[in-house]
Amino acid sequence: MARMPRVLRALLFSYVALQSVCNAELQDELKAAMERVADQMRDKYDMGLAAAFYSPKLNFTVASGYTDAGLGMGNKTRLAQVDDLYVWGSTTKMITAPAVLQLVEQGKVNLTDPIALHIDPILIALNGTRLEDHFGSPIHGVQIQHLLHMTSGIQDYDGEAFSRAQFANRSKAFGPIEIIGKFVSPTLQSVPGQQQMYCSTNYILLGLVLATHYHQPDSSWAWQNYDQASVVPKALQKVFKNSKFVMSGPCSQYTPVHGFMEFYPSAQLPKQDVWDVSCLGGWTAGNYVGSVADVARFTYELYNKKKSSILSSASQALLTNFSAPHMGPFPMKFYGMGTFNLAWSVGTSDAYGHVGDTYGYQSQTTYIPEDDFVITVATNVETTKQAQPADFTCLAYHELKAVLTGRPKPHCAMVIPQRFIGKCVCMPEIVAIAVPAQGQVDTFKPFELSTILWCHAQNRYFETADCGGAQPLFKAAAGTVPRLLEDFTLRCLVTIAWSFAAYRHKEEHLFQAIGDHLISQVHTANCGELANIAWAYGLLQIHHERLFQEVARRANVRLQDFKQQEIASIIWGFAASDILPAAFFSNAALAAQRLALTPQQTTNILWALTRRRCKQSSVATTVLALLPPATKQIERFNMPEIAICSMAAAKTLLFVGMDSPSPELPTINQTESAPESATEEASANVESLNSSTAADKANVKTTTLLQALGDQSNRDVAKQFAGFSSALALLPVIGLFLTEYLLRGFVSDSNSRWMYSAFAAVILVNVVLVAFVVHCFAEGFPDQKMSEVDTKAEKEIGGACTERKIEEEEPKKDKVFSVDLGTLQPPALLEGACQGMFRALFAEAARRMDSFKPREMQSLSVLCAQPLGLENAGDMSAGDLRSCCFALATTGSPAHQPLSLLDELLEEDQDLFWDPDPVEAANQ
């Protein structure tokens, strides 16, 4: 064989090397894009996750968040790793279906065979029963293809009864025989083959089919003997190093990834960590545990048409045959054989794979044939909406596609009108929808109208002047919805209210009509819906007191179930609406303390709690308790957030409980300027200080010495004062006469004796005075000294904020005060947390001096001037101001002093309004 010429070999080598470098650079860019999406989803849903990209040429994995925390629960001590094992739930069906089709390819099973033909043998061997004994004769009409296609009519086992039984026996592994006998209804809900209904029981029965055919004649019968990994060809099995099929035991035995479950409404199960719950998950319907890399690779091997290693092309076509009768109101075929039609999650015409939903974990793996790659994501949370896997897939797909094609990244949103099935929509498709939609508002179904409004609200930031926007659509909807209120569910109405608020489109009559209608339905709302009601009405400043009363009543009994963004939004909404029910604010403030809050959530809560004068000691306690974690993450705060936190701390320390007029909220403008509002607030407050100081001094009520001594708490001082006063009055007189009497034997002249006696009396007066002074200096003081500011703050927090006097002899009359503030020890807390907070604030101000606006610098100058004894503070240069801030950050106690300037916070500026991000709108 002729050797390749040296030049050609060099060229080939150069080409291969260049191709490798280009692939490495492309992979890095793709990985960075997916990491951005992972971090965004981590923060949005408060979860840990891992994700994988797989194609023949490129593959990588990413991870974000923590595996021991989610949904406001857990400890956040273990970072998510790319090779972590997740619990995949129903994705197991994507493994079971091809195993059955392999039996079909081998001629052992026909798709039209009655299932009893292949299941009765193992049932007879295990317990002497047949399928007919449980289901009756209709079961003979159920075929293998019906189980695969979810058209058998058999009812699901995974309902309220099973959930209650599983959580009553958390680690118990319910096997297939027990599940069918105890939790599956014997009545078929439809004629086999006529209607597609998602049902995990179908795939448990398919597991029994597989167990029958994989039974070895010389072994005992057991469903556990079926090796689920056998679906993977032996040549590929070594690739799947991080895959397990659970037969017994809790998930904690198989993975370090905790699973966090939201409130489970059907079984009334509270949100919780389910790491200790059985991981069997319906056996062949949901027992797979593995890494995202393994699942992505299996997905590609299963569906790619170029080099299929698991099934023949004919069997692949059966997997993606979505021609079965569809379920529900959507004109789509959603399920093939062990395969979901997932085109809706990426917005393309063709995509498939599977979603996973089990206790505490939700996931999705998606193959896009047009691009020939797989996107796989697994999360450690289970939400009622099940939106996070599809949301990640939607955004990740279009981010990756933009990198691969070199086109600008589109702005996309995942619209989910019902549980997990929705639509991935991108601009300009969103804008194109608005124009025809505005003329057809009357023809939309309630969930359709609320969904399209939600979509435009999500993407309002992407609209440009030349695209027209969705204003006409919102105006048309505002005229239609009040006429058709009876047709809308609570969830639809909450979504509409959220959409109008998020789009900044205020329609007073619409919100009043929705509020009147919601009053009788609020008792059925979940935490997210309650938060969104408050947020929407608060943002647009629409006052509906009866609705807020009902929201507060419902929220009070559910506060322990609120997530971080929900508690922040509902507290903010009440404050922004100027509706402050005492019991709700007290309980909500305490509930906020147990959550791990982001900077923005902390800011929202502090802004809300101090928007009006504090009414309960628990509210003040919450503000003080939120300051230490705010100090620790100060570098993550932006300028408006720093301004809000410092104002909240100042008001709590010095002005809690003071009776002063409260400002009116301004009318919200369509043009948003939220990021500047907090610093404008600081500037306006400083401008009001000089005018308020004189008025305050004039209104100060003086206390006389006699009144002070008459106070019961000063009784010991009064006794001492009386003793020394008596000595001062009597001893000189007694000394005068006693001295005159003693001198009679020595001085004969009377005038001289009285003169000497007067000298003695004067000496006695001075002795008494010196003794009094010595006594004062020798008097003991408490070991724990507190500054004047700290003492005043403690008195106000413990007294004025509760609006009633707490007597010494009844220290536990006010439970909140005696328990919470007593535990926190306010003097020490103020010294450590608040001083630390303000020192950190001044340090950050010095570091960021170059980013301040002129008005912000003027405000900061006034705050810095008093403790440093400076004049003409408004004329400070940036360099001088940086030096002042640095001095206050490093000197300690003077950092308290700027508080004395803040006398009438938030009383003059009518343009400020802190505008937080909302909870994501509820789905229909």
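We count residues from 1, following the sequence as given. Worth knowing before you read on, the calculation uses all heavy atoms, side chains too, and leaves out hydrogens, waters and symmetry mates.
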Open item on the list: Please tell me whether Tyr503 and Phe474 form a close aromatic pair, meaning their ring centres lie under 6.0 Å apart.
Closed with: yes

TODO: Report the residues that fulfil side chain to side chain donor-acceptor pair (under 3.5 Å) with Thr598, sequence neighbours left out, ordered by chain and then residue number.
DONE: Gln601

TODO: With sequence neighbours excluded, tell me which residues meet salt bridge (charged side-chain N to carboxylate O under 4.0 Å, His left out) with Asp46.
DONE: none

- [ ] Not counting sequence neighbours, which residues clear ring-ring contact (aromatic ring centres under 6.0 Å, His included) with His258? List them please.
- [x] Trp275

Task: Which residues share a side-chain contact (heavy atoms from CB on, under 4.5 Å) with Ser309, sequence neighbours left out - done: Leu236, Glu301

Open item on the list: Run the salt bridge (charged side-chain N to carboxylate O under 4.0 Å, His left out) test against Lys31 and tell me which residues pass, sequence neighbours left out.
Closed with: none

Task: side-chain contact (heavy atoms from CB on, under 4.5 Å) involving Ser243 - partner list, sequence neighbours excluded - done: Phe240, Tyr288, Asp294

Open item on the list: I'd like to check the side-chain contact (heavy atoms from CB on, under 4.5 Å) partners of Ser312; sequence neighbours left out, ordered by chain and number.
Closed with: Glu105, Ala314, Ser315

TODO: Output all residues satisfying salt bridge (charged side-chain N to carboxylate O under 4.0 Å, His left out) with Asp487, sequence neighbours left out; order by chain, then residue number.
DONE: none

Task: ring-ring contact (aromatic ring centres under 6.0 Å, His included) involving Phe562 - partner list, sequence neighbours excluded - done: none

Task: All ring-ring contact (aromatic ring centres under 6.0 Å, His included) counterparts of Phe298, not counting sequence neighbours - done: none

Task: Residues which pass ring-ring contact (aromatic ring centres under 6.0 Å, His included) with Tyr157, listed by chain and number, not counting sequence neighbours - done: Phe162

TODO: Kindly write out the residues that satisfy side-chain contact (heavy atoms from CB on, under 4.5 Å) with Thr284, not counting sequence neighbours, or none if the list is empty.
DONE: Thr96, Tyr226, Gln228

Task: Thiol sulfurs of Cys394 and Cys424 closer than 2.5 Å - done: yes

